[in-house]
Protein chains: 2
Amino acid sequence: MGTSDIISQIRKKKSFLCVGLDPDLDKIPQHLLKYKNPILEFNKLIIDHTKDLCIAYKPNLAFFEKLGNTGFETLKKTIEYIPKNHLIIADAKRSDISNTAKMYADTFYDFFGVDAVTISPYMGKDAVTPFLVKDKYVVLLAATSNDNASDIQNIQTQSGLPLYAEIVKISKKWSNNQIMYVVGANKTDEMKLIRSICPNSFFLVPGIGHQGGDLKSVCKYGLTKSCGLIINVSRSILYADSGNEFYKHSRVVCENIQNEMKIELDKIGF
Amino acid sequence: MGTSDIISQIRKKKSFLCVGLDPDLDKIPQHLLKYKNPILEFNKLIIDHTKDLCIAYKPNLAFFEKLGNTGFETLKKTIEYIPKNHLIIADAKRSDISNTAKMYADTFYDFFGVDAVTISPYMGKDAVTPFLVKDKYVVLLAATSNDNASDIQNIQTQSGLPLYAEIVKISKKWSNNQIMYVVGANKTDEMKLIRSICPNSFFLVPGIGHQGGDLKSVCKYGLTKSCGLIINVSRSILYADSGNEFYKHSRVVCENIQNEMKIELDKIGF
């Protein structure tokens with residue numbers, strides 16, 4: 001999927017929402033447990049009722065691996081069910097030496113058919129380049145939304161930049177336009193600094209909803225003239241309700257977010 | 001598995017060898033392809049002929065995930081086949097926000113039953129602590145053996161330490177004795193500095209053999225009075241030969257390494 005395809009989907013849907021697929025057997029509506037594959041059933045209902053309101057899906061590998069032997073098949077079938085015009089990001093946070101990284105890239109791109117993979121930057125360029133295949137994207141961890149992210153990410157380096165900014169600067173040499181960055185919604189200072197280093201890159205922004213981030217401030221610091229933002233929401237959408245028609249509640253949460261997104265896009269005349 | 005159990009295995013076998021399980025369908029002896037599960041057959045033969053010479057096995061997740069739907073089952077059966085007195089390290093290089101990290105930890109410890117998982121430090125303490133379960137180990141990436149590792153890991157920080165050393169220093173506050181560190185065999189300067197910060201921690205050392213590292217220099221900078229080293233070798237053992245009795249060649253490679261290890265342990269009167 002080319003960057004222009006992503007931008008055109010955002011324009012068409014007036015949305016830069018990514019629905020995070022973190023399906024947890026303990027949290028999905030319990031009436032689904034009667035199905036042979038409750039997680040797949042849950043994912044399909046979520047996709048059916050959100051696909052016109054979002055431009056991306058982000059399955060989180062941990063939740064599929066937790067299923068054991070059936071996890072990979074469930075993930076593959078979930079991905080096959082997602083309409084082709086959506087960006088599919090495997091949230092796997094991989095990083096390994098080059099021959100192993102190539103192996104992961106083959107699995108994600110060839111076996112699963114995703115468009116992007118989240119990658120940890122700690123091992124450097126040769127752990128990232130195997131994922132830089134034509135029309136695919138590396139989503140590099142920059143400033144993550146978790147409580148202790150700053151333990152490491154905000155270490156001050158001798159260049160004067162905090163580590164996350166130094167890494168973003170270095171990673172710009174690895175690819176022209178195939179690297180996106182993970183920047184938490186609660187990391188407004190970090191977002192401002194990263195945006196100044198990468199005026200045009202896409203940010204994948206987790207942390208809205210359950211983790212307390214605010215859409216308006218994300219837009220204030222992250223929005224570009226080509227949008228430049230993909231905001232991920234998982235739990236508040238997936239677990240909006242536990243009744244038989246839980247997906248209607250999930251849809252309402254998406255509609256509310258998409259309405260806010262439309263207002264922000266209208267403001268900049270996108 | 002307690003640290004004293006690891007040390008006692010090293011003492012008994014006069015070996016601190018870890019056999020890396022990176023089984024690749026394109027590289028295993030082709031006569032194995034007649035079996036229903038060639039990779040499992042290959043792993044079993046490797047384990048049968050190396051288990052008395054090594055104290056640990058390190059399955060690399062990428063090579064199992066590459067198998068698609070059958071990968072997890074193959075990994076589980078491989079792990080079940082490893083004798084219980086071996087340390088089993090899942091080489092997965094995971095890192096995620098705490099609820100997701102907990103999910104990964106459950107999969108690795110409860111479903112697969114491994115003793116340790118390799119973890120990337122970039123997301124900080126709360127991405128690591130879910131893996132610090134009693135008698136389990138986090139093997140934290142410090143100075144990895146790949147070509148471009150220094151891109152990020154050797155960034156100079158304002159404290160005067162390079163990043164990898166600063167991270168090791170910070171991570172010491174996360175656990176007393178359940179964190180081991182990945183230090184490449186080719187990273188002698190890094191090993192020296194990390195050893196000065198962690199005089200007693202175990203290092204998992206990749207990069208001997210195929211990647212060109214040298215056992216003697218690793219021992220010179222890494223060996224402690226309780227050994228403190230687990231040296232991983234993958235490709236030179238696994239792919240020592242492609243004939244019907246490939247495992248005999250694998251065994252000879254292990255014997256040679258174990259002989260060298262015995263000499264080094266004898267030198268320090270271990």
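Each chain gets a letter, A, B and so on, in the order the sequences are listed, and its residues count up from 1.
For A:N69, the parts lying under 4.5 angstrom from a heavy atom of chain B are both the backbone and the side chain. Residue B:D22: no heavy atom, backbone or side chain, is found under 4.5 Å from chain A. The part of A:N99 that comes within reach of chain B is its side chain, from C-beta onward, which places non-hydrogen atoms under 4.5 angstrom from that chain. Residue B:A101: no heavy atom, backbone or side chain, is found under 4.5 Å from chain A. Interface residue B:E166: only side-chain heavy atoms are found under 4.5 Å from chain A. Residue contact with chain A, scored on non-hydrogen atoms closer than 4.5 Å, involves the side chain of B:F111 exclusively. For chain A, the nearby parts of B:Y164 are the backbone and the side chain; heavy atoms of each come within less than 4.5 Å. For B:T100, the parts lying under 4.5 angstrom from a heavy atom of chain A are both the backbone and the side chain. Both the backbone and the side chain of B:L141 come within contact range of chain A, judged by heavy atoms closer than 4.5 Å. Interface residue A:L61: backbone and side-chain heavy atoms are both found under 4.5 Å from chain B. For B:D126, the parts lying under 4.5 angstrom from a heavy atom of chain A are both the backbone and the side chain.
Top candidate by heavy-atom pairs under 4.5 Å with chain B, chosen from A:D106, A:D96, A:V128, is A:D96. When each of A:S120, A:A149, A:G68 is scored by its heavy-atom pairs under 4.5 Å with chain B, the top score falls to A:G68. Interface remark: of the candidates B:F63, B:F108, B:F112, B:Y122, B:Y122 forms the most heavy-atom pairs closer than 4.5 Å to chain A. Contact count versus chain B (heavy atoms, under 4.5 Å) is highest, among A:L163, A:T70, A:L67, for A:L163. Per-residue heavy-atom pair counts under 4.5 Å with chain B were compared for A:T118, A:D24, A:D110, A:T157, and the maximum is reached by A:T157. Counting heavy-atom pairs under 4.5 Å between each of B:S150, B:A92, B:A62, B:G124 and chain A puts B:A62 at the top. In terms of non-hydrogen atom pairs under 4.5 Å with chain A, the most contact-rich of B:L75, B:I167, B:T74 is B:I167. When A:K76, A:E73, A:K66, A:K102 are compared by the number of non-hydrogen pairs under 4.5 Å with chain B, A:K66 comes out ahead.
Annotation: the span from A:L193 atom CG to A:M191 atom CE amounts to 12.0 Å, rounded to 0.5 Å. To the nearest 0.5 Å, atoms CD1 (B:I39) and CG (B:L32) are separated by 9.0 Å. From A:Y137, atom OH reaches atom CG of A:L87 across 7.5 Å, with rounding to the nearest 0.5 Å. Residue B:I208 holds its CD1 atom at 7.5 Å from CD1 of B:I257, rounded to the nearest 0.5 Å.
Applying the 6.0 Å contact sphere to NZ of A:K77 captures no more than 12 heavy atoms from other residues, nucleotides or ligands. Summarising the local packing, NZ of B:K169 is surrounded by 12 or fewer heavy atoms from other residues, nucleotides or ligands at distances under 6.0 Å.
Checked against a 6.0 Å centroid threshold, the rings of B:F72 and B:F64 do not count as neighbours.
A side-chain donor from one of B:N43 and B:T78 sits under 3.5 Å from a side-chain acceptor of the other.
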Kindly indicate, with the supporting measurements, whether the criterion side-chain contact (heavy atoms from CB on, under 4.5 Å) is fulfilled by B:V168 and B:C198. CA-CA 8 Å; B:V168 168; B:C198 298; 3.4 Å; yes
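Using a 4.0 Å cut-off between a side-chain N of Lys or Arg and a carboxylate O of Asp or Glu, A:E65 and B:R94 qualify as a salt bridge. Between A:K93 and A:D91, at least one side-chain nitrogen of the basic residue sits less than 4.0 Å from a carboxylate oxygen of the acidic one, meeting the salt-bridge criterion.
Aromatic ring orientation, B:F42 versus B:F246: parallel (interplanar angle below 30°, classes split at 30° and 60°).
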